[in-house]
Number of protein chains: 2
Amino acid sequence: MGPHTLEVPLILFETNRRRLVEELKKIQENSVVLLKGGSEISFYDTDTSYVFRQESYFTWCFGVTEAGCYGIINVTTGEASLFVPRYPDEYAVWMGPLKPLEEFKNKYGVHHVYYVDQMNEILEKINRKLVLTLKGQNTDSGLTAIEATYDGIEKFQVDNKTLFPIIANLRVVKTEPEIAVMKYVIEVSSSAHRHVMRMSKAGLYEYQCESEFLNYCYKHGGCRHVSYTCICGSGPNGAILHYGHAGCPNNYRLQDGMLCLFDMGANYYGYAADITVTFPVNGKFTPDQKFIYEAVLRSNLAVLNAGKPGVSWSDMHLLANRVLLEELKNGGLLKGSIDEMMDADLAEIFQPHGLGHLLGLDVHDVGGYLEGYPERSDRPGLKKLRTARLLEENMFLTIEPGCYFIDPLLDRALADPKQSRFLVPEVLERFRGFGGVRIEDDVRITKNGIINLTKVPRTVQEIEDWIAGKDNDEKYT
Amino acid sequence: MGPHTLEVPLILFETNRRRLVEELKKIQENSVVLLKGGSEISFYDTDTSYVFRQESYFTWCFGVTEAGCYGIINVTTGEASLFVPRYPDEYAVWMGPLKPLEEFKNKYGVHHVYYVDQMNEILEKINRKLVLTLKGQNTDSGLTAIEATYDGIEKFQVDNKTLFPIIANLRVVKTEPEIAVMKYVIEVSSSAHRHVMRMSKAGLYEYQCESEFLNYCYKHGGCRHVSYTCICGSGPNGAILHYGHAGCPNNYRLQDGMLCLFDMGANYYGYAADITVTFPVNGKFTPDQKFIYEAVLRSNLAVLNAGKPGVSWSDMHLLANRVLLEELKNGGLLKGSIDEMMDADLAEIFQPHGLGHLLGLDVHDVGGYLEGYPERSDRPGLKKLRTARLLEENMFLTIEPGCYFIDPLLDRALADPKQSRFLVPEVLERFRGFGGVRIEDDVRITKNGIINLTKVPRTVQEIEDWIAGKDNDEKYT
């Protein structure tokens with residue numbers, strides 16, 4: 001998107017394809033992978049459509065930004081071919097010059113480029129025993145990947161079981177070129193958050209902060225999309241985990257004395273950032289706000305310090321829970337034994353979501369639960385975790401402990417003798433309507449531990465200094 | 001979206017429903033209209049989704065911004081009922097407090113609100129002879145409206161023919177409350193264009209101008225969406241009519257001496273603006289740029305002056321064509337008889353799109369070609385028109401003549417003796433790579449003629465003054 005933005009090198013996709021071919025060769029050398037790229041999505045029955053976003057597996061393999069393509073990878077030879085739509089001449093008038101196939105070949109660094117209507121012919125020529133297509137469940141959504149198909153595929157022997165677990169698992173660990181893109185999008189998102197933190201003030205509307213974030217990421221970072229709907233909750237709205245959707249469209253006014261919980265992340269060439277900051281509208285934490293904020297920050301830092309290859313993500317979730325409960329007990333909101341609180345799943349009342357998730361081409365990246373890896377727990381709290389895997393080098397994850405005061409959850413806990421015995425109702429009452437705190441970092445797992453790539457003010461002092469204009473961007477770059 | 005933005009009154013949707021009931025009563029009084037609202041659209045198989053946008057017919061009737069609803073209108077009584085999804089308790093934690101039905105009733109001013117799972121029961125109770133559903137072709141996209149259906153509808157006698165032409169036709173003419181919203185969104189879009197015109201300069205990227213437009217409309221106008229993908233073509237890109245899509249993502253650099261053709265429009269509560277400005281990057285037109293710009297402007301003004309109720313839109317298209325051809329002849333690009341040029345469809349070479357289109361809840365609004373109204377022409381140029389209707393009071397349309405230098409079209413015309421005899425190749429050659437000019441206004445048809453609601457600098461002098469900072473916003477508000 002211009003010299004001030006990151007150039008995504010073709011080697012990124014070549015490397016991904018090479019890794020895939022290496023794995024598939026072990027199982028079925030005489031095969032060809034067939035993937036279908038995404039299509040344009042109209043607004044209902046009209047002739048306008050959403051700005052096209054490519055499907056993630058297709059991006060991972062080919063990096064193609066145009067709609068309506070297919071791609072194949074010959075497992076025997078490692079060669080990649082792209083199939084692009086054949087447009088009528090009139091396309092040039094409306095959509096721009098018709099690119100010759102050679103131009104696509106150079107743009108995407110594949111071995112061959114054909115038209116989609118040549119798929120049969122080419123697949124016949126390649127003549128592999130099996131066509132491997134993608135079918136499997138996304139364990140966050142429950143939806144199924146869109147399996148490639150076209151008129152004529154029935155002539156071939158199709159295997160839709162082999163590919164999915166392998167490619168999903170490869171996506172979990174990032175390569176060097178991917179790491180560079182992840183760093184970039186996290187950096188852009190961090191700068192945008194810093195910008196928004198400083199411009200936020202009482203009287204503005206939440207969506208005006210969203211708008212500034214979007215503009216910053218696009219104008220300065222070349223990120224046309226964000227990775228998910230911006231969550232800009234102020235005050236009590238901070239306790240609505242997915243605030244910001246069309247039913248709650250970030251339309252409250254920032255008020256003096258409230259906290260902002262802003263969860264937003266840019267998207268660059270498909271790769272996602274996912275960062276949450278929590279800060280006071282007026283730039284100064286109240287004692288209660290400071291207390292809850294620092295409780296969550298300790299929980300966040302405990303995980304940042306403890307995480308490394310081989311450590312179980314479930315254990316990290318429980319660690320974060322334990323630290324939070326200890327802090328809430330210190331603050332007089334809870335009483336009793338921390339071990340017993342953990343047994344009673346008390347933390348889930350305050351943090352009804354998982355500690356964090358894999359991050360990559362999807363904001364909730366794939367591969368969280370695959371056969372041969374730890375299964376989803378059925379314990380409250382833990383069952384919300386989007387992966388229970390052991391950490392591996394070059395995984396990217398979010399670490400996002402939170403503490404929220406959500407009336408229905410508090411009421412349920414107060415009514416449940418197994419949990420109410422730990423609660424101090426008269427203190428908790430003070431926090432009704434408080435909203436919530438979430439501190440979400442995007443991190444990379446390295447041999448020596450976790451590297452936090454998020455560059456935003458995090459301590460109470462840093463946040464107050466930043467909003468007061470005492471620090472400049474250099475501190476965070 | 002806050003006190004600085006327009007409040008959309010419930011009377012808007014009540015009026016629409018009342019108009020619909022009046023028409024339907026004439027045909028089938030013993031019936032009930034059943035409409036299905038839009039659903040969330042996921043990014044492929046993931047658990048993230050596009051920010052929800054309501055389907056336009058559903059907005060027109062009910063103004064509901066939430067996904068997953070149905071609505072019915074009892075034609076006999078005129079009563080409207082809304083059916084909202086029944087969410088589990090956990091929804092409150094993720095999506096915000098569960099709204100009681102009473103809250104929806106007040107928010108949307110309908111007579112009754114139920115849960116979607118009560119549809120059968122309520123439709124049985126209402127016990128009308130016919131259930132009228134929406135089915136019909138969108139004549140811009142060729143796609144079909146999504147007909148309401150649900151488990152149990154087979155018990156009722158469904159008529160999917162009656163509703164579509166009536167409701168589509170009603171949408172063509174805007175009511176007073178709709179006019180207020182249209183004015184607002186056109187005003188916001190006009191201001192945003194003025195802002196972008198002034199900040200555009202050599203060295204910036206086209207997408208940075210898009211980003212500023214989006215931010216202006218959202219931050220200052222509360223418009224979370226635009227009505228279509230922003231077209232920010234500079235230089236030769238101005239000749240790509242739908243530039244800006246993912247394959248040509250506004251990623252060129254603005255250069256000194258080039259024109260910008262920026263076609264962008266905000267969306268407010270579903271209602272669309274659609275405005276194009278063309279201006280020089282450096283704020284000063286070259287003689288050739290001035291010549292083509294003024295040719296298009298004369299074409300635009302001719303229509304603005306001639307349009308009024310009863311006038312045929314096809315005639316307006318031809319008028320715009322004729323003025324453009326005259327101007328191009330005056331400038332030495334063309335030679336020969338204008339009448340003969342018109343007979344040879346020569347204007348389509350320079351303006352390969354229609355003069356403009358109906359505007360409303362869809363940017364290419366519905367009702368362009370309905371039974372009983374003029375049919376689509378098969379003449380080049382005219383056949384691109386999205387409607388051939390006679391103008392009526394309180395129609396909203398765009399007037400958007402253009403002049404582009406598109407190599408494949410010029411080459412085709414030069415090779416066609418029927419057209420080449422009018423062309424002056426040595427002069428046309430000078431304009432290769434020029435790009436294009438489009439001047440697109442959003443207008444309302446009134447008894448006394450056309451009111452142009454677009455408030456942007458339009459003459460060469462106005463544009464140069466505006467970019468130079470000589471004028472302020474007051475001139476345009």
Name the option with the most non-hydrogen atom pairs under 4.5 Å to chain A; the candidates are [options].
| options | answer |
| --- | --- |
| T144(B), D89(B), L214(B) | T144(B) |
| L409(B), D140(B), V64(B) | D140(B) |
| P236(B), C248(B), A145(B), C209(B) | A145(B) |

Take a 6.0 Å sphere around CD of E7(B) and say whether it holds more than 12 heavy atoms from other residues, nucleotides or ligands. no

Tell me if the NZ atom of K135(A) is crowded by more than 12 foreign heavy atoms within 6.0 Å. no

Test side chain to side chain contact (heavy atoms under 4.5 Å, CB included) on T46(A) and N138(B) and set out the steps. CA-CA 7 Å; T46(A) 74; N138(B) 181 305; 4.3 Å; yes

[X] [atom1] to [Y] [atom2] distance, which is reported to the nearest 0.5 Å:
| X | Y | atom1 | atom2 | result |
| --- | --- | --- | --- | --- |
| F43(B) | H225(A) | CZ | NE2 | 8.0 Å |
| Y44(A) | S141(B) | OH | OG | 14.0 Å |
| M95(A) | Y243(B) | CE | OH | 12.5 Å |
| D45(B) | L134(A) | CG | CG | 8.0 Å |

Proximal component of [X], with respect to chain B [non-hydrogen, under 4.5 Å]:
| X | answer |
| --- | --- |
| I41(A) | side chain |
| A239(A) | backbone |
| R53(A) | both |
| R412(A) | neither |
| E66(A) | side chain |
| S49(A) | backbone |

Which one of Y252(A), F52(A), Y218(A), Y228(A) has the most heavy-atom pairs closer than 4.5 Å to chain B? Y218(A)

Please report the closest heavy-atom contact between [X] and [Y], naming both atoms and the distance.
| X | Y | value |
| --- | --- | --- |
| N215(A) | S211(B) | OD1-OG, 2.5 Å |
| S227(B) | T48(A) | O-CG2, 4.0 Å |
| V93(A) | P352(B) | CG1-CG, 3.6 Å |

Side chain, backbone, both or neither of C217(B) within contact of chain A (heavy atoms, under 4.5 Å): neither

Do I240(B) and P97(A) have side chains that approach each other closer than 4.5 Å (heavy atoms only, starting at C-beta)? yes

Within the 4.5 Å heavy-atom criterion, are N250(A) and R224(B) side-chain neighbours or not? yes

What's the verdict on side chain to side chain contact (heavy atoms under 4.5 Å, CB included) for T5(A) and Y205(B), showing C-alpha distance, side-chain angles and the deciding distance? CA-CA 11 Å; T5(A) 62; Y205(B) 282 78; over 6 Å; no

In E212(B), E206(B), E210(B), the residue satisfying salt bridge (charged side-chain N to carboxylate O under 4.0 Å, His left out) with K219(A) is E212(B)

Give me the ring orientation class for H245(B) and Y91(A): parallel if the planes are under 30° apart, tilted from 30 to 60°, perpendicular past 60°. perpendicular

